Number of protein chains: 2
Amino acid sequence: MTTFSTITDVALAAGVSRQTVSNVMNSPGIVKADTRERVQAAIARLGYRPHASARRLRTRRSSTIGIRLDPMIDGISGSVLDRFLHALTEQADRQGLRVLLFTATSPEDEITQLQRLNDGADVDGFVLTSTFAGDPRTKWLIENRISFVTFGRPWGVDDMEDPQHLWVDVDGWAGLHAATRSRQDAGAQRIGYIGWPSPSGTGEDRRRGWRDAMIERGDVTEDELTRLEVVTVDGVAQGTAAMQELQRTAGRLDAVLCASDSLALGAMIANPGRLPVTGYDNTPVAAAIGLSSIDQSVHEVAAGVLELLTGEFGGKVHGAPESLEPKHRMITPRLVERDFAVIP
Amino acid sequence: MTTFSTITDVALAAGVSRQTVSNVMNSPGIVKADTRERVQAAIARLGYRPHASARRLRTRRSSTIGIRLDPMIDGISGSVLDRFLHALTEQADRQGLRVLLFTATSPEDEITQLQRLNDGADVDGFVLTSTFAGDPRTKWLIENRISFVTFGRPWGVDDMEDPQHLWVDVDGWAGLHAATRSRQDAGAQRIGYIGWPSPSGTGEDRRRGWRDAMIERGDVTEDELTRLEVVTVDGVAQGTAAMQELQRTAGRLDAVLCASDSLALGAMIANPGRLPVTGYDNTPVAAAIGLSSIDQSVHEVAAGVLELLTGEFGGKVHGAPESLEPKHRMITPRLVERDFAVIP
DNA sequence: AGAAAACATTTGATCGATCAAATAATGTGG
DNA sequence: CCACATTATTTGATCGATCAAATGTTTTCT
């Protein structure tokens with residue numbers, strides 16, 4: 001029961017050597033069929049489970065990836081990272097990988113943690129979220145040849161093509177472009193946009209999606225486009241204020257797109273005319289309240305992250321990348337259209 | 001830099017033996033002051049970090065706790081567990097404990113995972129969430145003498161006092177009792193309640209908080225109390241429907257309490273009269289929309305869980321409990337009052 | 001049939017730390 | 001100043017697995 005057996009016990013029980021048992025588990029192909037079956041029977045009979053730490057000590061591989069859990073920035077949008085974490089854990093599990101959490105209070109502190117986990121052979125690699133321009137973490141990881149993948153492209157000038165930096169990101173441009181198109185196809189011409197102030201890589205990316213689609217269609221002049229845009233920091237109350245400003249200054253409005261669900265929720269509150277409002281992130285709130293939104297497809301992101309992290313050898317995290325060609329995945333988000341019938 | 005040093009390297013550099021270095025790290029008290037300093041200097045100079053797996057192999061202790069991440073039950077309320085996870089990771093870190101995630105598709109599958117992690121010496125103990133009556137997981141853990149603490153009391157008949165089962169829970173009764181009192185003190189007499197159908201331990205607990213407070217005050221007869229209550233499964237749309245039903249059948253209403261924020265959000269939508277509505281869980285949505293709610297104080301819960309898991313010896317997860325007195329913590333939730341100024 | 005090649009299995013060493021017991025250094029009392 | 005207790009440090013063994021190389025077995029080919 002609770003007494004657990006070692007590889008030697010199994011070897012004894014099956015009448016073979018330790019190494020053969022090890023081979024049955026790690027490279028079954030090289031063991032003769034009938035010995036293999038005998039060993040497998042013994043494994044099952046004794047309920048043998050390999051001792052993870054012993055294996056790690058020997059192989060210098062932990063089959064564990066580390067990810068930082070943000071200190072809960074309150075707000076609706078925080079949940080995207082939580083959903084990503086769910087997806088990552090689920091898919092990592094399927095590949096025999098474990099997910100280890102850690103926290104940090106600042107990028108510098110985070111580097112200390114990264115070092116600790118790496119030196120202690122606790123993890124084989126890291127998944128980084130919420131990257132920003134000039135991120136010291138990626139720089140440090142590259143310098144120390146530690147493998148990692150970021151959810152979020154590197155926003156620095158040349159970093160996008162850095163072959164050392166593997167990343168997966170969601171194409172915010174495509175998301176907003178599609179959302180704009182969808183509204184236009186439904187007859188809207190004057191589509192407003194509530195976005196974030198610079199500098200924000202993601203914010204600018206999304207904004208351009210809307211802007212490009214508007215210009216392509218040519219329903220409004222570039223001058224008017226400026227008046228259809230409001231910039232504000234994230235938040236529900238801020239969304240309400242921004243919507244009110246749009247209504248004062250933009251003239252006729254056929255629809256409004258927002259850089260986040262928080263803003264969209266706020267916008268919808270100051271929306272007596274029942275304009276279609278579209279948010280970003282497809283958070284539970286959006287679903288609950290019947291708000292159209294752009295879904296980041298965290299499952300695909302998680303799959304991409306693991307694929308890059310394990311390389312061609314599924315299930316094993318490989319060392320820092322050797323190849324010179326940049327590796328990344330750009331995920332196209334999914335537009336989820338809803339009728340917001342709920343708020344009366 | 002990247003070449004990492006072993007305990008032997010440090011010993012050589014400091015001119016002492018391996019064991020002395022080990023002692024400096026684990027029981028500094030027994031090492032003479034000046035040798036200790038010399039060793040510590042060498043540790044710092046070489047940037048030595050103990051190899052976690054090697055230590056685990058020898059000590060049979062991982063300083064890691066396992067927790068299952070639920071497969072993202074969509075909905076607003078799921079976020080409570082996420083917030084708990086944040087809090088747990090943060091506080092575990094402070095005690096030198098790590099948090100390892102895993103997933104499972106069913107309670108049976110979860111037991112398999114528990115066994116794997118335990119046999120592999122991956123974790124020292126577990127934190128279980130979302131317990132239910134007759135939970136097979138706790139039974140299995142107790143039988144196998146594996147230490148664990150649940151977030152959620154055991155709902156079985158005698159289990160509450162089982163000394164083998166350590167638990168932390170939030171006093172839903174107290175939460176709803178306080179919320180009811182607060183409304184009453186503000187002048188409300190006829191307070192409705194939208195709750196969950198039986199059997200639900202937590203649901204019944206919350207419901208009784210409201211009911212007891214109503215009976216204590218005696219503003220309405222028990223007969224009327226029945227008409228002030230509606231039962232429905234969780235969800236925003238369900239909350240809206242329930243609210244409409246209450247308005248039809250309950251007569252005058254001064255306030256409404258709900259078993260969850262989802263229900264409360266729904267209730268508020270069908271609420272032209274601007275009745276005060278109170279939810280449960282204090283989710284980001286409640287904050288965003290200005291909904292009163294009951295906060296589960298996940299930080300306190302996390303602290304309690306770790307306290308029980310590590311026992312008197314902070315930082316180390318102890319074995320299965322020996323003592324005969326039941327150990328648990330009941331956390332009183334915090335009522336957060338808000339004016340819902342947002343929906344116009 | 002005999003030698004070489006291919007395949008199957010075993011043996012000893014090792015990963016980096018801690019435990020348990022042995023030895024060395026220091027302190028105390030008569 | 002020596003015997004003895006106390007404290008400080010070192011040595012060898014060990015945790016459970018895998019690696020690398022050695023040994024044993026079967027197949028292939030001339």
Side-chain angles (χ1 to χ4, degrees), chain A residues 3-40 42-43 46-64 96 116-124 315-316, chain B residues 3-40 42-43 46-64 96 116-122 124 316:
Chain A
T3 65
F4 51 125
S5 28
T6 75
I7 200 171
T8 311
D9 299 331
V10 176
L12 241 52
V16 297
S17 72
R18 309 187 305 281
Q19 187 59 43
T20 300
V21 179
S22 175
N23 287 336
V24 168
M25 311 213 72
N26 299 308
S27 13
I30 71 169
V31 179
K32 210 163 63 175
D34 61 338
T35 12
R36 184 172 52 222
E37 279 162 30
R38 198 148 34 93
V39 171
Q40 273 161 344
I43 289 176
L46 299 187
Y48 166 71
R49 301 269 167 211
H51 192 289
S53 294
R55 168 186 278 155
R56 282 178 202 151
L57 171 58
R58 189 63 243 234
T59 61
R60 319 197 128 282
R61 179 163 277 162
S62 66
S63 295
T64 302
R116 233 185 30 189
L117 291 174
N118 183 67
D119 288 353
D122 276 312
V123 301
D124 293 339
K316 287 185 185 166
Chain B
T3 64
F4 52 125
S5 27
T6 75
I7 200 169
T8 311
D9 299 331
V10 176
L12 239 52
V16 297
S17 71
R18 310 187 304 281
Q19 187 59 42
T20 301
V21 179
S22 174
N23 287 336
V24 168
M25 311 212 71
N26 300 308
S27 13
I30 71 169
V31 180
K32 210 164 63 176
D34 60 339
T35 19
R36 183 172 53 222
E37 281 161 31
R38 200 149 31 95
V39 171
Q40 272 160 345
I43 289 176
L46 300 187
Y48 166 71
R49 302 268 168 211
H51 192 289
S53 294
R55 169 185 279 153
R56 281 177 202 151
L57 171 58
R58 189 65 242 236
T59 61
R60 319 196 129 281
R61 178 163 278 162
S62 66
S63 294
T64 302
R116 239 196 12 201
L117 292 173
N118 183 67
D119 288 353
D122 275 313
D124 293 340
K316 288 184 187 169

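Only heavy atoms go into these numbers, but all of them, side chains included; no hydrogens, no water, no symmetry mates. Nothing here was measured: the structure is a model prediction, and the numbers come from that model. Each chain gets a letter, A, B and so on, in the order its sequence line appears, and its residues count up from 1.
Counting only heavy atoms from C-beta outward, the side chains of B:Arg55 and B:Asn26 approach each other to under 4.5 Å. At least one side-chain heavy atom of A:Arg60 sits less than 4.5 Å from a side-chain heavy atom of B:His51. Put simply, the side chain of A:Val31 does not reach to within 4.5 Å of the side chain of A:Gln40, judged on heavy atoms.
Under the 4.0 Å criterion applied to side-chain N and carboxylate O atoms, B:Asp122 and A:Arg56 are assigned as salt-bridge partners.
Closest approach of A:Tyr48 and A:Thr6 over heavy atoms only: CE1-C, 3.6 Å. Closest approach of B:Ala13 to B:Leu46, counting heavy atoms only: CB-CD1, 4.1 Å. Residue B:Ser62 comes nearest to B:Asp124 through the heavy atom pair N-OD1, 2.7 Å, listed as atom of the first residue, atom of the second, then distance. Shortest non-hydrogen contact noted between A:Ala121 and B:Ser53 is O-OG, 4.1 Å.
Residues from residues 19-39 of chain B that place a heavy atom under 4.0 Å from any atom of DNA chain C, listed by number: B:Gln19, B:Ser22, B:Asn26.
As rounded to whole Å, 18 Å separates atom P of D:dC15 from atom CZ of B:Arg61. Distance, B:Leu12 CG to C:dG16 P: 14 Å, rounded to whole Å. Taking atom CG of residue B:Leu57 and atom P of nucleotide C:dT14, one finds them 17 Å apart after rounding to whole Å. Straight-line distance from the CZ atom of A:Arg60 to the P atom of D:dA17: 18 Å, rounded to whole Å. Atom CD1 in A:Ile7 sits roughly 8 Å away from atom C1' in D:dT18 (whole-Å rounding). One atom, CG of A:Asp122, and another, P of C:dA17, lie 12 Å apart when rounded to the nearest Å.
Side chain A:Arg18 to base C:dG12: a donor-acceptor pair is found below 3.5 Å. For D:dT18, its base never sits under 3.5 Å from the side chain of A:Arg55 at any donor and acceptor pair.
Comparing A:Thr8 and B:Ser17 along DNA chain D, the residue whose closest nucleotide (by nearest heavy atom) sits nearer the 5' end is B:Ser17.
A donor-acceptor pair is defined here as one N or O able to donate and one able to accept, closer than 3.5 Å; no such pair exists between the side chain of A:Arg49 and the backbone of B:Arg116.
Contact between the side-chain N/O atoms of B:Arg58 and the OP1/OP2 oxygens of D:dA13 is not found at any separation under 4.0 Å.
With axes fitted over five pairs at each extremity, the angle between the ends of the helix from C:dA1-D:dT30 to C:dG30-D:dC1 is 40° (10° resolution).
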